[in-house]
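First the structure, in the form of structure tokens, and then the observations on it.
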Amino acid sequence: MKAKEKSRYCVLLSVGYMLKTAWHTRRSVLWLCIATVLIETALNLTRLLVSPRVLERVERLAPLSELCGTIAGFSLALFFLYALKGYVDKNVLYGRIDVRTAILSEINKKSQMTSYPNTRDPEALKLHDKAKNTCSGNNKASEHIWKTLTLLLQNLLGFALYLWLLSGLSGPLVAAVILTAAAGFLANRQASRWYYCRVEEEESYWHKISYIDGRVRSSALAKDIRIFGLAPWLLEVQQGTLRLYEAFLKRVSRKYIAACAADTVFSFARNGLAYLYLIRLALDGNLSASEFLLYFSSFGGFSGWVTGILEQCAALYRESLDLSVVREYLHLPEPFRFSGGAPIPAAGEGYELRLKNVRFRYPGAGRDFFSGLNLTIRPGERLAVVGLNGAGKTTLIKLLCGFYDPDEGQVLLNGADIRTFDRQEYYRLFSAVFQQFSVLDITAAETIAQRIAGIDRQRVRDCAERAGIAETIEKLPQGYDTHIGRKAFLDGVELSGGQLQRLMLARALYRDGPILVLDEPTAALDPLAEDDIYRKYSEMTQGKTAVFVSHRLASTRFCDRILFLREGVIAEEGTHEQLLMHGGGYARLFEVQARYYREGRDF
């Protein structure tokens, strides 16, 4: 199996990161860890001493009052310590959850603010998923590490105390206890290491099982499953994956059974040696019954401390690896500038966008998508971009909007390279409706305004009216306060594809950026609705630089200039009439589309 790549963050750095996060988030986590260590150690020591001390009083025929006082004293101590332990255990969880939540918030912030190329990079996405998994529950590293650190400190302190208690006995016997405990730990560690190296294999099974389960219950696929009879096939795939997972679990079980057997042998040898040695001392008259009980219990506890130290060190190492993934994701390099950039130039008479000798290749692709591309979009110009699927229309939009930087050449805004700007400030220049969009389960008004508070209601209604969605929204149960979607709210409504596209157009209008980008804004609309949008297009783009992407060439006649793309190249350029007269690819494509609207035409 391929060795795991060495992490840039060692155990000490991971522990330091968690301590720093807790100090700034919830300091009580640190104090409660220390309190837990002291209470648990005191409890173990009290439980260890209670029986030998009572037995010692019986051996020397101590007065009943002294015997009862000893029992009462230990009982009160145990009662107090257990009560204190219960209080600490009850309150320790909340702070740890706060720390984990703070880390999860940082991960979410990173995923929302990271440069667009990182959202498409498979390695970055895999790193994100692993980082979120580290914060996905109470038993994950971002929270469980506090328990690990607590147990480690508790075992170290217990080891020191028990070593002091046993210091008067045989040194070789103490060494033998340490060695057999370490041997048993190594046997278990070998099994744990084998499993840990195959965690990704287990995750792959769960990912497949969860994916199929989600698809089966998906409302979006319910029709396909029934029409095409996919249920038996999906069930077969799911059962096949479950069989593979079952075989994996059997391998894991065999490893752990062998490790447990080895640990049992070492435990038997360790306890046997200690028992024989103490019996010999007792028979020789060198140990009383109470001392025998004290030392025998101490040997058992001492081996437990040794094993605990080794186990928690191994657990801490594994958790530090998981936490290093979180830190690697949070420190993922950003190709874009997000602070300290040059100020965006004033709009003046508008913004000019220019691509200068642009060469661009998608990450991992075998060839350039654009090479030597030059384009100037003048201030206030309405530019249409058309072409067949894969011609480069959406890629061109991504470069203009600053979602990708070219591998060579420049994207210029009023003559300045957009790399010099704060990319977030650059994004604020754009109002856009993208070909692929998502709608949050919030109200219609919040969807249009893209905010929760400070919504200009009149402006929301005006934008909805201009986008042709106002009448639809006003008919909803709560009007503009109706929730869109049913994933988060039971009273939500589902809009059609065309209605959602109009809603996205209203959102772009509310944004009112000086540059308007419409990437297939009418793809889900019927011809009448599409015609309505075209009639309003001139009003929408008044005083703005606009880029309009469409497959439907009839829409381009409303634009000042048309680019016809073919395989990443601007094959033709001009107005609608000029390109028709040219008789090239644009004219042929327009003719093909126009046939379907000519009554009585044979195909």
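The first residue of the sequence shown is numbered 1, and numbering continues consecutively from there. Scope of the values below: all heavy atoms of this structure, side chains included, with no hydrogens, waters or symmetry mates.
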Output the distance between atom [atom1] ([X]) and atom [atom2] ([Y]), rounded to the nearest 0.5 Å.
{"X": "I448", "Y": "I469", "atom1": "CD1", "atom2": "CD1", "answer": "8.0 Å"}
{"X": "F369", "Y": "D407", "atom1": "CZ", "atom2": "CG", "answer": "13.0 Å"}
{"X": "Q312", "Y": "L149", "atom1": "CD", "atom2": "CG", "answer": "9.0 Å"}
{"X": "I455", "Y": "Q450", "atom1": "CD1", "atom2": "CD", "answer": "10.0 Å"}
{"X": "I103", "Y": "N108", "atom1": "CD1", "atom2": "CG", "answer": "12.0 Å"}
{"X": "H128", "Y": "N118", "atom1": "NE2", "atom2": "CG", "answer": "11.5 Å"}

With side chains defined as the heavy atoms from C-beta onward, is the minimum distance between [X] and [Y] less than 4.5 Å?
{"X": "V547", "Y": "L516", "value": "no"}
{"X": "N133", "Y": "K140", "value": "yes"}
{"X": "C135", "Y": "I107", "value": "yes"}
{"X": "Y480", "Y": "E446", "value": "no"}
{"X": "I418", "Y": "D405", "value": "yes"}
{"X": "V385", "Y": "F548", "value": "no"}
{"X": "R251", "Y": "R254", "value": "yes"}
{"X": "S28", "Y": "Y94", "value": "no"}

**Request:** Please work out whether the ring planes of Y211 and H207 are parallel, tilted or perpendicular, with thresholds of 30° and 60°.
**Result:**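 Correct class here is parallel.
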Does [X] come within less than 4.0 Å of [Y], counting only side-chain N to carboxylate O?
{"X": "E40", "Y": "K85", "answer": "yes"}
{"X": "K110", "Y": "E334", "answer": "yes"}
{"X": "D322", "Y": "R327", "answer": "no"}
{"X": "R361", "Y": "D368", "answer": "yes"}

Residues, nucleotides or ligands: over 12 heavy atoms within 6.0 Å of [X] [atom1]:
{"X": "E471", "atom1": "CD", "result": "no"}
{"X": "R511", "atom1": "CZ", "result": "yes"}
{"X": "K398", "atom1": "NZ", "result": "yes"}

So, does [X] use its side chain to make a donor-acceptor pair with the main chain of [Y] at under 3.5 Å?
{"X": "R423", "Y": "G402", "result": "yes"}
{"X": "T134", "Y": "K130", "result": "yes"}
{"X": "R502", "Y": "G498", "result": "no"}

Tell me the closest heavy-atom pair linking [X] and [Y], and the distance in Å.
{"X": "N91", "Y": "L32", "value": "O-CD1, 3.9 Å"}
{"X": "L125", "Y": "T119", "value": "CD2-O, 3.4 Å"}
{"X": "I473", "Y": "A444", "value": "CG2-CB, 4.1 Å"}
{"X": "T443", "Y": "D481", "value": "CG2-O, 3.5 Å"}
{"X": "V386", "Y": "S550", "value": "CG1-O, 3.5 Å"}
{"X": "V493", "Y": "P477", "value": "CG1-CD, 4.2 Å"}

**Message:** Just checking Y362 against Y404, ring centres under 6.0 Å apart?
**Reply:**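 Yes, close enough.
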**Prompt:** Mind checking whether F403 and F434 have ring centres under 6.0 Å apart?
**Reply:**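 Centroid distance F403-F434: below 6.0 Å, so yes.
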**Request:** Scan residues 13-26 for pairs that pass salt bridge (charged side-chain N to carboxylate O under 4.0 Å, His left out), counting only residues two or more places apart or in two chains.
**Result:**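 Listed once each, the pairs are R26-D98.
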**Request:** Determine, stepwise, if the pair E319 / T148 fulfils side-chain hydrogen bond (donor to acceptor under 3.5 Å, both in side chains).
**Result:** CA-CA 9 Å; E319 289 169 356; T148 301; 3.0 Å; yes
